[in-house]
Amino acid sequence: MSSAQVTFLFADGVGKTETAAPGELLSDVAERAGLHLLMDCREGKCGTCVAQLVSGAVEMDDYDPAVLPDSDRDDGAILTCVARACASSVVEFSYDSIEASADVAPPFTATVTACHQVAEEIWTLRVAVEAPLDFLPGQYVRLRPSPELPWRAYSMANAPGARALSFYVRIVPGGAFSSWLVERARPGDTIEVEGPFGAFFLRDEARPRLFVAGGSGLAPFLSMLKALGPAARAAPTTIFIGARSGDHLFAAEELRAATDTIPNLTIRRFVERAAPQDCETGYPTAGFASGPIEPGARVYVCGPPPMVEAARMAAESAGLNKQEMLFERFT
Ligand code: FES
């Protein structure tokens with residue numbers, strides 16, 4: 001093919017068109033157009049960059065089919081980070097142009113204030129920042145304890161605008177960040193922070209919402225619950241929480257505080273084995289069968305890719321609108 005025109009179209013109706021060389025990655029085309037598309041892994045493994053191909057054609061490099069099932073691809077969904085231009089195309093994003101126009105702020109330094117285990121495989125990390133960090137509830141930052149270690153992405157569990165950020169980290173045996181956190185991190189240490197990033201954030205709307213969390217995927221929902229405004233609180237909020245066992249559950253105090261302040265909040269906990277009191281045995285997707293499922297609820301799912309895919313299918317089977325679901329996958 002000769003060069004093609006690629007139009008990036010956003011939810012607020014703003015569009016930007018740029019010339020693409022044959023086989024050029026759409027993410028590179030967008031950068032040249034001055035757009036910073038929302039992305040995380042940049043290698044087809046998280047699904048953050050999903051968009052809709054409205055017209056034209058792209059070719060995609062290898063990606064994880066768990067984050068883009070064939071049925072979605074058949075419906076026109078693409079992963080922008082691995083999509084290459086092969087014809088003039090229009091690609092539509094579910095977020096406003098302002099999200100893609102903001103310059104990425106340079107990394108800044110934070111100070112560790114607390115780090116300790118809170119549940120099986122889960123540690124908390126709290127850091128203090130010099131200036132309050134504005135972000136959308138549900139977004140994440142990248143953290144790097146030192147230049148020799150890789151950046152790792154974690155969602156804030158606190159409300160936006162605070163000078164104290166809190167994270168829940170799933171400990172991965174042998175993982176670089178996990179090893180630092182468990183073996184070396186101490187209050188007073190410094191850590192680099194970059195962001196915020198991500199399209200998985202609470203939509204500001206007075207309509208029912210259903211959160212589905214797997215493991216440490218509960219963190220962004222804690223931020224969302226703390227940030228719900230008065231109008232949003234009036235609408236029903238339901239959260240299905242999944243964990244491997246009762247010992248893997250965390251943030252009980254924060255969830256209790258949320259039930260005190262959010263009148264229409266329903267929390268159901270599911271564990272895979274030996275359910276303690278107040279928990280059910282099974283996966284969080286079991287909640288779709290027994291509810292409550294509010295008609296018209298917007299669905300937010302955060303967890304490992306297989307759980308996210310199972311929740312997506314369960315939500316569709318329950319009659320919820322596929323176009324209005326938001327997903328955050330982590331590995
Ligand atoms: Fe494209 Fe992760 S940024 S799949």
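Positions are given from 1 along the sequence. Reckoned from all heavy atoms, side chains included, excluding hydrogens, waters and symmetry mates. Every number for a ligand or one of its atoms is a count from 1 in the order of the listing.
The ring-ring contact (aromatic ring centres under 6.0 Å, His included) pairs that include a residue from residues 49-76 number zero, where partners must be two or more places apart or lie in different chains. Applying the salt bridge (Lys or Arg N to Asp or Glu O under 4.0 Å) rule to pairs touching residues 2-24 yields Glu18-Arg32, Glu24-Arg32, sequence neighbours excluded.
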Using atom types as modelled, flag every donor-acceptor pair under 3.5 Å from a side chain in residues 196-203 to any protein atom, sequence neighbours excluded.
residue: Arg203; atom: NH1; partner: Ala199; partner atom: O; Å: 3.0
residue: Arg203; atom: NH1; partner: Phe201; partner atom: O; Å: 2.8
residue: Arg203; atom: NH2; partner: Ala199; partner atom: O; Å: 3.4

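A donor-acceptor pair is defined here as one N or O able to donate and one able to accept, closer than 3.5 Å; no such pair exists between the side chain of Glu328 and the backbone of Pro220.
Checking each of Phe288, Tyr300, Phe221, Phe211 against Phe240 for a ring-ring contact (aromatic ring centres under 6.0 Å, His included) leaves exactly one that passes, namely Phe288.
Salt bridge present: Glu324 and Arg207 bring a charged side-chain N and a carboxylate O closer than 4.0 Å.
Listed by chain and residue number, the protein N/O/S atoms under 2.8 Å of atom 1 (Fe) of ligand 1 are Cys49 SG, Cys81 SG, with waters left out.
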